[in-house]
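Please read through the structure below; I'll follow up with questions.
Here the structure is a predicted model, which is why all the values come from computation and not from measurement.
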Amino acid sequence: MGLLGFAACDPLTIFEEPDVYGPGPTPYGDDLLCEYGTPMATFKFIGQATDEAGNPVEGIRIIVDPGAEYSPKDTLFTGEDGKAGMTLRYDWPDTKSMTVSFDDVDGEDNGGEFESQVLSGKDLTQEQTGEPSGNWYEGEFTITANAVLSKKSDPK
C-alpha cells in the first residue's frame with residue numbers, strides 16, 4: 001500500500017476494539033496520526049559547463065533526470081556564464097539515481113563542438129539547505145553539477 005501513497009498508521013492507533021476509542025483523547029495521546037502522501041523534496045539545481053581551459057560554454061543543453069519513475073525530466077540551457085539553474089520539486093526523491101546530461105546542441109557555435117557528458121552519483125554535489133518537516137517533506141537540497149567538456153576530435 002505504501003507504493004500507492006498510503007502510509008501505515010502509527011502502531012498505537014490500531015486498536016483491538018476500534019469502537020472503544022473515537023475521536024478525541026485516547027490512552028495513547030490526544031491525536032491519532034495517520035498520513036497520506038508520498039515523500040517529496042525541493043531541489044535547487046545549479047549546473048555549469050566549461051571547456052578544458054576553464055572557459056564557460058554557452059548553449060549547452062542540460063537534462064536533469066531525477067531517476068524516479070513518476071518524476072519528469074527537466075531541460076535547461078547554459079547562459080553566457082556557462083551556468084544554468086532552477087528549482088525543482090520531486091516526489092520520491094532519490095539523488096543516488098539522479099543523472100544530469102550535458103549536450104552540445106548548437107554545433108560549431110559558442111566555441112566549437114563538444115562531447116556529451118553524463119554526471120551522476122558521486123559526480124554531483126548535494127547539500128541539504130532546508131529542514132525536513134518530520135512528515136513526508138524531506139527538505140530542501142542544493143544539487144550542483146559541474147561538467148568539463150572536451151572538444152570533439154576531428155574525424156579526419
For P72 and P66, which heavy atoms make the closest approach, and how far apart are they?
O-CD, 3.5 Å
Considering only heavy atoms from C-beta outward, does the side chain of L76 approach that of V64 to under 4.5 Å?
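They are in contact (side-chain heavy atoms under 4.5 Å apart), so the answer is yes.
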Is any side-chain heavy atom of E52 closer than 4.5 Å to a side-chain heavy atom of F114?
no
Please examine the side chains of W136 and P39, heavy atoms only from C-beta on, and report whether any two atoms are closer than 4.5 Å.
yes
Any pair with a residue in residues 116-127 that passes salt bridge (Lys or Arg N to Asp or Glu O under 4.0 Å), sequence neighbours left out, goes on the list, sorted by first then second residue, please.
none
Indicate, with yes or no, if I63 and I60 share a hydrophobic cluster defined by side-chain heavy-atom contacts under 4.5 Å among Ile, Leu, Val, Met, Phe, Trp and Tyr.
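No; I63 is not reachable from I60 via cluster members.
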Is there side-chain contact between L124 and Q126, with heavy atoms separated by less than 4.5 Å?
no
V105: which other cluster members, linking ILVMFWY side chains closer than 4.5 Å, directly or transitively?
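So far as hydrophobic clustering goes, V105 is joined with F77.
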Suppose we screen for side chain to side chain donor-acceptor pair (under 3.5 Å). Which residues come up paired with E140, at least two apart in sequence or across chains?
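Result, side chain to side chain donor-acceptor pair (under 3.5 Å) vs E140: T129.
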According to a 4.5 Å side-chain heavy-atom criterion applied to Ile, Leu, Val, Met, Phe, Trp and Tyr, with indirect links allowed, do V118 and V148 form part of one hydrophobic cluster?
no
Indicate the atoms forming the closest heavy-atom contact of G82 with P56, along with that distance.
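Nearest pair, atom of G82 first, then P56: N-CB, 3.6 Å.
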Has Q128 got a side-chain atom pairing as donor or acceptor with E138's backbone, closer than 3.5 angstrom?
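Checked: pair present.
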Nearest 0.5 Å, what's the NZ-CD1 distance between K73 and I62?
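Between K73 NZ and I62 CD1, I get 15.0 Å after rounding to 0.5 Å.
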Does E113 reach the side chain of E108, with side-chain heavy atoms less than 4.5 Å apart?
yes
Atom CG of L149 and atom CG of N55: how far apart are they, to the nearest 0.5 Å?
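With rounding to 0.5 Å, CG (L149) is 12.0 Å from CG (N55).
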Spacing of CD belonging to Q48 relative to CG belonging to D81, to within rounding of 0.5 Å:
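Q48 CD to D81 CG: 7.5 Å, rounded to 0.5 Å.
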So does K83 get a backbone contact from the side chain of T78, meaning a donor-acceptor N/O pair under 3.5 Å?
no
Closest non-hydrogen atom pair between F102 and A145, with its separation:
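Scanning both residues, the minimum pair turns out to be CZ-O, 3.7 Å.
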How close do G112 and D104 get, counting heavy atoms only, and between which atoms?
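Looking at all heavy atoms of both residues, the shortest contact is O-OD2, 3.0 Å.
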Path from I46 to V57 over hydrophobic side-chain contacts below 4.5 Å
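No, I46 does not connect to V57 through the hydrophobic network.
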Among D74, T142, V100, T87, side chain to side chain contact (heavy atoms under 4.5 Å, CB included) partner for F45:
V100
Specify the closest pair of heavy atoms between M98 and S120, including all atoms of both residues, with the distance to one decimal.
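Answer, listing the atom of M98 first, then S120: O-CB, 3.4 Å.
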Nearest-0.5 Å distance, OG of residue S101 to CZ of residue R61
8.5 Å
